[in-house]
Amino acid sequence: MTFHAKTLIMTWTAMAAILLFCYLGVRHLTSGKPGKMQNVLEWIVDFVRNLVSDNMDDEKGRPLLGYLLTLILFVFFSNMLGLIPNFTFNLFEHFHIEFAQLNKIFEGPSLQSPTADINTTASLALLTIILVVSLGIKYKGVHYFHHFIEPNPVFVLIHAIDLISKPMTLAFRLFGNIFAGEILLKVILMLPGIWVLPGIIPTTIWLAFSIFIGSIQSYVFVVLTTAYISQAVTATEH
């Protein structure tokens with residue numbers, strides 16, 4: 001096994017940022033006039049709750065709210081980490097620690113998004129497909145596997161490929177978009193004249209675009225997760 005210390009550190013950083021964000025949102029929790037952070041947190045909760053209610057009934061969707069909220073926050077915060085400038089000046093590279101590439105933890109002009117590592121996105125996608133299959137069995141029993149032979153048993157291979165392709169597309173879509181964005185950002189930062197106006201303009205534009213892409217990708221990941229679960233738990237109409 002290969003351990004990626006940089007991915008692990010950035011994952012813990014994203015988790016810490018989420019905990020801080022949620023703490024600030026509920027620190028002065030009130031049913032009266034809420035503060036700005038409580039408003040933002042409530043908007044995110046309502047957004048995910050509406051997303052779930054639009055795809056499945058409330059009884060089946062309510063237990064998923066906590067997981068989907070965690071998922072959208074983790075993916076979003078992870079996507080944003082790669083846009084933060086690195087001010088450690090590659091101090092760790094002088095220690096020459098080879099284990100888990102510890103000397104490369106803070107390498108490069110910016111921090112790394114955990115979602116720019118295929119191991120992270122593949123793990124999230126694997127969690128999704130395990131949830132899909134387990135909830136499908138929970139609500140439909142053995143009948144859940146009946147759709148693999150519909151409308152004809154010869155379609156079993158196609159349905160199996162469809163099941164396998166779902167986590168693969170989830171993982172590679174998120175990884176590809178975030179990794180490509182970070183690579184292009186590093187290329188822009190290496191351009192001559194980066195500290196003068198000609199370099200600042202493209203960097204600012206790309207940062208704004210990367211924030212938009214990171215937000216969209218977190219939304220897409222949660223929407224597809226919700227849709228896949230909905231397909232698994234919703235009774236098939238004939």
Side-chain angles (χ1 to χ4, degrees), residues 11 14-15 18-19 21-23 25-26 29 31 34 37-79 114-115 119-153 155-175 177 214-238:
T11 300
M15 292 162 59
I18 294 171
L19 289 174
F21 171 76
C22 292
Y23 169 74
V26 301
L29 196 64
S31 57
M37 291 301 297
Q38 183 179 335
N39 269 327
V40 173
L41 194 58
E42 288 182 353
W43 179 83
I44 296 173
V45 173
D46 288 338
F47 175 79
V48 176
R49 182 185 288 117
N50 292 334
L51 183 64
V52 173
S53 62
D54 289 342
N55 286 273
M56 64 191 84
D57 62 72
D58 188 60
E59 182 182 351
K60 296 176 182 177
R62 193 186 307 111
L64 296 171
L65 185 60
Y67 172 72
L68 294 175
L69 275 170
T70 305
L71 186 62
I72 195 170
L73 287 173
F74 177 76
V75 174
F76 175 77
F77 276 86
S78 296
N79 293 348
T115 44
N119 294 284
T120 300
T121 58
S123 299
L124 294 175
L126 189 60
L127 279 175
T128 289
I129 205 64
I130 290 174
L131 195 61
V132 167
V133 175
S134 60
L135 289 177
I137 296 174
K138 176 183 178 181
Y139 287 106
K140 295 183 179 179
V142 181
H143 185 71
Y144 167 74
F145 296 100
H146 189 263
H147 78 278
F148 282 91
I149 57 174
E150 293 177 346
N152 192 287
F155 284 86
V156 63
L157 181 60
I158 296 177
H159 287 297
I161 294 174
D162 175 63
L163 182 65
I164 296 172
S165 67
K166 286 177 178 177
M168 290 182 63
T169 54
L170 276 175
F172 281 101
R173 181 189 295 107
L174 180 57
F175 161 73
N177 279 278
S215 304
I216 291 297
Q217 288 304 313
S218 60
Y219 168 75
V220 169
F221 199 97
V222 173
V223 165
L224 290 178
T225 296
T226 306
Y228 294 156
I229 295 174
S230 176
Q231 292 174 0
V233 303
T234 303
T236 306
E237 297 181 2
H238 298 282

Notebook entry, point to check: Where is the tightest heavy-atom contact between Phe76 and Ser215, given as atom of each residue plus distance?
Noted result: CE1-OG, 3.2 Å
Checklist line | Distance (rounded to the nearest 0.5 Å) between Cys22 SG and Met37 CE | finding: 8.5 Å
Checklist line | Spacing of CG belonging to Leu135 relative to OG belonging to Ser230, to within rounding of 0.5 Å | finding: 11.0 Å
Item checked: Atom pair CE/CD1 of Met168 and Ile161 - distance to nearest 0.5 Å -> 11.0 Å
Check: Within the side chain of Asp162, is there an N or O that forms a donor-acceptor pair under 3.5 Å with the backbone of Ile158?
Finding: no
Check: When Gln217 is tested against each of Thr115, Val222, Asn79 for side chain to side chain contact (heavy atoms under 4.5 Å, CB included), which residue passes?
Finding: Asn79
Notebook entry, point to check: Heavy atoms, side chains only, cut-off 4.5 Å: are Leu64 and Leu131 in contact?
Noted result: yes
Margin query: Which residues pass the side chain to side chain donor-acceptor pair (under 3.5 Å) test with Asp58, not counting sequence neighbours?
Written below: Arg62
Item checked: Listed once per pair and sorted, the ring pair (Phe, Tyr, Trp, His ring centres under 6.0 Å) pairs that draw on residues 122-141, sequence neighbours left out -> none
Check: So do Phe21 and Leu41 actually touch side chain to side chain, heavy atoms under 4.5 Å?
Finding: yes
Next item on the list: Could you pull out the closest heavy-atom pair between Lys166 and Ile129, with the gap in Å?
Entry: CB-CD1, 4.2 Å
Notebook entry, point to check: Just wondering, do Met56 and Thr226 contact through their side chains at under 4.5 Å, heavy atoms?
Noted result: yes
Margin query: I need the Ile164 CD1 to Thr169 OG1 distance, nearest 0.5 Å.
Written below: 12.0 Å
Checklist line | Closest non-hydrogen atom pair between Asn119 and Ser123, with its separation | finding: O-OG, 2.7 Å
Next item on the list: Indicate the atoms forming the closest heavy-atom contact of Ile18 with Phe74, along with that distance.
Entry: CD1-CA, 3.4 Å
Next item on the list: Could you grab the distance from atom CG of Leu170 to atom CZ of Arg173, nearest 0.5 Å is fine?
Entry: 6.0 Å
Checklist line | Closest non-hydrogen atom pair, Thr121 against Ala171 | finding: OG1-O, 3.2 Å
Item checked: Tyr67 atom OH, neighbour heavy-atom count above 12 within 6.0 Å -> yes
Note to self: In terms of relative ring orientation, are Phe47 and Trp43 parallel, tilted or perpendicular, with 30° and 60° separating the classes?
What the structure shows: parallel
